[in-house]
Amino acid sequence: MRYKFLTAAFAATVALNFAGPAAATDLEVTHWWTSGGEAAAVAELAKAFDATGNHWVDGAIAGSGGTARPIMISRITGGDPMGATQFNHGRQAEELVQAGLMRDLTDVATKGKWTEVVRPKSLLDSCTIDGKIYCVPVNIHSWQWLWLSNAAFEKAGVPVPKNWNEYVAAAPALEKAGIVPLAVGGQAWQASGAFDVLLAAVGGTDAFLKVYKDKDAKFAAGPEVAKVFKAADDARKMAKNTNVQDWNQATNMVITGKAGGQIMGDWAQGEFQVAGKTAGKDYTCLPGLGLNEVIATGGDAFYFPLLKDADKAKAQEVLAETLLDPKTQVAFNLKKGSLPVRGDVDLNAANDCMKKGLAILAKGAVIPWTDQLLSQDSQKQKEDLFSEFFAKPDMSLEDAQKRFADIIASAD
């Protein structure tokens, strides 16, 4: 869905003179981090900001980004902006920036030498429009993970899989033991994300980029992507008895051994941590589904709407600086399960899964993610398709692939 914005005249009414004395102030920060692991992570950001003498006013919106983003955008365009708001870095706030409603952070970034410390460079590139920086990336969140319950496979009497193919082969044994092979929540973004992971893992990096970066509709309709739809069909059959909506509920099925595994981003790791589970002992993580170990440079960033209050505008600068402070980066990302955006922080406390991610990042095996490559209109069309695909086992692979290729043909 394309959001309509107020005219430039509205933007002009919130143009500010930011000069003035520093003052401690309350700053409302909106986000969609509401699961146990997410709440523990965001508390670290709030603690760090409160330590500056200001106060983080938490504006959590339940229901994930698909629910939260329209609310956030409506407030900004409606003249009731928050002090800062989470989006995924990429194109989600593109039209807000173009409408002149978001604050230019270039001066803050120059002072903090962000171009020197933020790695990989593509993270800051995703915050940059027309040469100006409009957001603070706070983590690297990669979707390309398969989380497996060691207890579930032990109960089923089969070894913990080392890759997607072994996982599919183990599905009958899991079902026989009364275990749902694959947990996929009912929200559209989960089904769509699972397909994207399969495209990068089964199809490979080149195939992923041909489809989403080059927008090659002919390739999307061809035999290489047909193999990915076959894998998606396997996933659909494995997930048919999930019966939960939220991603963290699906993660909890893996934590409790009710499901064998879940394709989900590394934010799932925060849920395992809150549940007291240990990587390598209680659960296994397979980056790239064990087939193609890459890390997408997606993740979360904070944007700052233009505000009329000079004290709050100053507090925005302090928050932006705090989010990239080395200590904040470590505390937040260890709880979140994500990787830090700074290349100069000490992560000796990282667990086995985070260390796998750091090793892949160090090798440079990175790709951009769909939030960076597709507009929100195209993303929504893709989510609608795969939500229907996972919900309707009678949708043919040929029909689904044709509709997918049509979306890619018109993607922007």
Side-chain angles (χ1 to χ4, degrees), residues 1 32 35 62-70 143-147 149 152 164 167-168 171-172 174-175 178-203 208 211-212 220-221 225-254 256 258-265 267-268 271 289 369-371 374 376-411:
M1 179 172 63
W32 56 79
S35 75
S64 79
T67 299
R69 276 191 299 271
W143 244 103
Q144 301 73 40
W145 295 83
L146 177 59
W147 307 93
S149 166
W164 173 258
Y167 180 39
V168 174
L174 290 167
E175 290 182 325
I179 297 167
V180 175
L182 176 66
V184 178
Q187 295 161 331
W189 65 271
Q190 297 180 58
S192 179
F195 176 84
D196 294 341
V197 173
L198 288 165
L199 178 56
V202 176
F208 181 87
V211 172
Y212 290 133
V225 176
K227 296 176 184 176
V228 181
F229 271 90
K230 173 59 173 67
D233 185 46
D234 289 333
R236 173 170 65 175
K237 292 171 181 174
M238 292 165 67
K240 65 182 184 293
N241 293 320
T242 300
N243 294 326
V244 298
Q245 285 293 311
D246 295 336
W247 71 268
N248 53 305
Q249 293 175 321
T251 305
N252 188 63
M253 291 179 67
V254 181
T256 57
K258 294 177 182 176
Q262 179 189 27
I263 298 173
M264 186 50 62
W267 49 90
E271 301 302 298
L289 310 188
W369 199 236
T370 55
D371 289 319
L374 298 176
Q376 285 303 290
D377 286 347
S378 299
Q379 284 275 68
K380 181 66 166 55
Q381 292 176 50
K382 181 167 65 71
E383 288 180 359
D384 288 346
L385 168 61
F386 288 107
S387 177
E388 186 179 351
F389 178 79
F390 271 78
K392 294 183 176 179
D394 58 345
M395 179 187 286
S396 72
L397 302 187
E398 294 77 16
D399 180 47
Q401 186 174 1
K402 183 182 183 302
R403 289 174 57 181
F404 178 66
D406 289 344
I407 290 171
I408 298 304
S410 62

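This one's a predicted model, so the numbers in the text were calculated from it and none came from an experiment.
Checked against salt bridge (charged side-chain N to carboxylate O under 4.0 Å, His left out), Asp246 has no partners two or more places apart in sequence or in another chain. Residues passing the side chain to side chain contact (heavy atoms under 4.5 Å, CB included) test with Val168 are Trp164, Asp234, Met238, sequence neighbours excluded. By the side-chain hydrogen bond (donor to acceptor under 3.5 Å, both in side chains) test, Trp143 pairs with no residue at all, sequence neighbours left out. For Asn243, the side-chain hydrogen bond (donor to acceptor under 3.5 Å, both in side chains) criterion is met by no residue, not counting sequence neighbours. For Gln379, the side-chain hydrogen bond (donor to acceptor under 3.5 Å, both in side chains) partners are Thr370, Asp371, Lys382, not counting sequence neighbours. By the side chain to side chain contact (heavy atoms under 4.5 Å, CB included) test, Ser387 is found to be paired with Ala188, residues two or more places apart in sequence or in another chain being considered. A search for side chain to side chain contact (heavy atoms under 4.5 Å, CB included) contacts involving Ala220 returns Val211, Phe404, Ala405, Ile408, not counting sequence neighbours. For the ring pair (Phe, Tyr, Trp, His ring centres under 6.0 Å) test, no residue two or more places apart in sequence or in another chain qualifies with Trp32. Residues passing the side-chain hydrogen bond (donor to acceptor under 3.5 Å, both in side chains) test with Glu175 are Lys240, sequence neighbours excluded. With sequence neighbours left out, Ser410 forms a side chain to side chain contact (heavy atoms under 4.5 Å, CB included) with Gln381.
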Show which side-chain atoms of residues 389-400 pair as donor or acceptor with protein atoms under 3.5 Å away, not counting sequence neighbours.
from, atom 1, to, atom 2, distance (Å)
Lys392, NZ, Glu388, OE2, 3.4
Ser396, OG, Asp399, N, 3.0

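Residues Gly65 and Pro70 approach most closely at O-CD, 4.0 Å, considering heavy atoms. A pairwise comparison of heavy atoms in Gly185 and Ala250 identifies N-CB, 4.1 Å as the closest pair. Taking all atoms of both residues into account, the shortest heavy-atom contact from Ile179 to Ala152 is CD1-O, 3.4 Å. Smallest separation of non-hydrogen atoms from Ser35 and Trp247: OG-CZ2, 3.5 Å. When all heavy atoms are compared, the tightest approach of Tyr167 to Gly260 is OH-C, 4.1 Å.
For the atom pair CE of Met264 and CG of Asn248, the computed distance is 9.0 Å after rounding to the nearest 0.5 Å. For the atom pair Asp377 CG and Ile407 CD1, the distance stands at 12.0 Å (nearest 0.5 Å). Rounding to the nearest 0.5 angstrom, the gap separating the CE atom in Met253 from the OG atom in Ser149 is 10.5 Å. Note that the CD atom of Gln262 and the CG atom of Asn252 stand 10.0 Å from one another [nearest 0.5 Å]. The distance from atom CD of Gln401 to atom CG of Asp406, rounded to the nearest 0.5 Å, is 11.0 Å. Remark: Asn241 CG to Lys258 NZ distance equals 14.0 Å, nearest 0.5 Å.
Side-chain atoms of Trp147 never come within 3.5 Å of backbone atoms of Thr251 as a donor-acceptor pair (strictly under, hydrogens ignored). Without hydrogens or angle criteria, Thr242 side chain to Val184 main chain gives a donor-acceptor distance under 3.5 Å.
Counting heavy atoms from C-beta on, the side chains of Trp145 and Trp267 never come closer than 4.5 Å. Side-chain contact between Tyr212 and Leu199: present, with at least one pair of heavy atoms (C-beta onward) separated by less than 4.5 Å.
A salt bridge is absent between Asp233 and Lys230: the closest approach of a Lys/Arg side-chain nitrogen to an acidic carboxylate oxygen does not fall below 4.0 angstrom.
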